[in-house]
Amino acid sequence: MKAIDRGRIRSRAASAGLAVLAILAAAGNAAPAGLVPRSLGPTTSAVVTIEKSYAAGTIVIVSSNRTLDLVISEGRAIRYKIGVGRDGFRWSGTVKVGRKAEWPDWRPPAEMKARAAGLPDLVPAGPLNPLGARGIYLYKGGADTLYRIHGTNEQSTVGGFASSGCFRMSNADVIDLYERVKVGSTVIVK
């Protein structure tokens, strides 16, 4: 599992927007009108037929299609629409669900903080947190990869190529997935 190009820099506008949201959330200040999400976003799940055979409980992510499938039985899966890594940040490999968290805190990794000056060390849980309503932490060999399947308050990024390698879902979808997936489940990223 390897990021293609970790050195790409986000646009200044996007970095500034993320930094403002993170700082507001970290400071606990009231957000300007319109920034606090008023809904959990749409539910995009649908039961689909899949060709390849995987064990029930396996998650299969196809980045090029921006889909996440949770296998529910032989040849069937629940498919969700997701946002994936932008150019230079997509990766593939097999990992495990190492842990799960409801309304997780967000600690921007050092690499992200180097790309986006002004990010705080910690963004506490809440409506402005970039990880949204749930976080599903991806591990390899027992170690945290720093990649997540998580909710988002930036609904427009779901279905696109927008993240630094994490997988974004509407908060409604990630809550549904969170309830269904178990720690230890296999996640295959293609």
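Given the structure is predicted, the values throughout are model-derived calculations rather than measurements.
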**Message:** Has K140 got a side-chain atom pairing as donor or acceptor with G93's backbone, closer than 3.5 angstrom?
**Reply:** no

**Request:** Measure the CG-CD1 distance between L177 and I59 for me, rounded to the nearest 0.5 Å.
**Result:** 5.0 Å

**Prompt:** Side-chain donor-acceptor pair under 3.5 Å between Q155 and S170, yes or no?
**Reply:** no

**Item:** From CA spacing to verdict: side-chain contact (heavy atoms from CB on, under 4.5 Å), L138, F167
**Value:** CA-CA 10 Å; L138 304 179; F167 305 101; 4.1 Å; yes

**Message:** Checking D105 now: which residues fulfil salt bridge (Lys or Arg N to Asp or Glu O under 4.0 Å) with it, not counting sequence neighbours?
**Reply:** none

**P42 versus A172, closest heavy-atom pair with distance** = O-CB, 3.8 Å

**Request:** Could you walk me through whether E111 and S164 pass the side-chain contact (heavy atoms from CB on, under 4.5 Å) test, one step at a time?
**Result:** CA-CA 10 Å; E111 291 176 345; S164 293; over 6 Å; no

**Prompt:** In Å, rounded to the nearest 0.5 Å, how long is the span from CZ of R180 to CD1 of I72?
**Reply:** 7.5 Å

**Prompt:** Taking side chain as C-beta onward, heavy atoms only, is L146 less than 4.5 Å from R148?
**Reply:** yes

**Prompt:** Closest approach of W91 and G165, non-hydrogen atoms and distance?
**Reply:** NE1-O, 2.9 Å

**Asked** Below 4.5 Å, heavy atoms only, C-beta onward: do W103 and R134 meet side chain to side chain?
**Response** yes

**Message:** Less than 4.5 Å apart, side chain to side chain, heavy atoms only: is that true for H150 and P104?
**Reply:** no

**Asked** Linking I/L/V/M/F/W/Y whenever their side-chain heavy atoms sit closer than 4.5 Å, directly or via other members, would V189 and I78 fall into one cluster?
**Response** yes

**Request:** Measure from the side-chain N and O atoms of T43 to the backbone N and O of S45, and report whether any donor-acceptor pair falls under 3.5 Å.
**Result:** no

**Request:** Specify the closest pair of heavy atoms between L119 and P108, including all atoms of both residues, with the distance to one decimal.
**Result:** CD1-CB, 4.1 Å

**Request:** Would you name the heavy atoms of Y139 and V95 that are closest together and state the gap between them?
**Result:** O-CB, 3.2 Å

**Request:** Kindly say whether G85 contributes a backbone atom to a donor-acceptor pair with the side chain of R90 at under 3.5 angstrom?
**Result:** yes

**Request:** Examine I188 and V48 and state if one hydrophobic cluster contains both, with Ile, Leu, Val, Met, Phe, Trp and Tyr joined whenever side-chain heavy atoms are less than 4.5 Å apart.
**Result:** yes

**Prompt:** Between K96 and T186, is any pair of side-chain heavy atoms under 4.5 Å apart?
**Reply:** yes

**Prompt:** Got a donor-acceptor contact below 3.5 angstrom from the N171 side chain to the A133 backbone?
**Reply:** yes

**Request:** Please name the pair of heavy atoms, one in L70 and one in Y80, separated by the smallest distance, quoted to 0.1 Å.
**Result:** CB-CE1, 4.5 Å

**Asked** Given V97 and K182, is the side-chain contact (heavy atoms from CB on, under 4.5 Å) satisfied, shown in steps?
**Response** CA-CA 7 Å; V97 173; K182 296 178 176 17; over 6 Å; no

**Message:** Are V60 and V47 linked, directly or through intermediate hydrophobic residues, by side-chain heavy-atom contacts shorter than 4.5 Å (ILVMFWY only)?
**Reply:** no

**Closest approach of I82 to V84 (non-hydrogen atoms, all atoms of both residues)** = CD1-CG1, 3.7 Å

**Asked** How many angstroms lie between atom CD1 of I136 and atom NZ of K100, to the nearest 0.5 angstrom?
**Response** 6.5 Å

**Request:** Carefully, step by step, assess R79 and I50 under the rule side-chain contact (heavy atoms from CB on, under 4.5 Å).
**Result:** CA-CA 10 Å; R79 179 166 290 164; I50 55 175; 4.1 Å; yes

**Asked** Given R168, which of T152, N153, T157 fulfils the side-chain hydrogen bond (donor to acceptor under 3.5 Å, both in side chains) condition?
**Response** T157

**Message:** Give me each pair satisfying ring-ring contact (aromatic ring centres under 6.0 Å, His included) with a member in residues 168-190, each pair once, sequence neighbours excluded.
**Reply:** none

**Prompt:** Do the non-hydrogen side-chain atoms of I149 and I61 ever get within less than 4.5 Å of each other?
**Reply:** yes

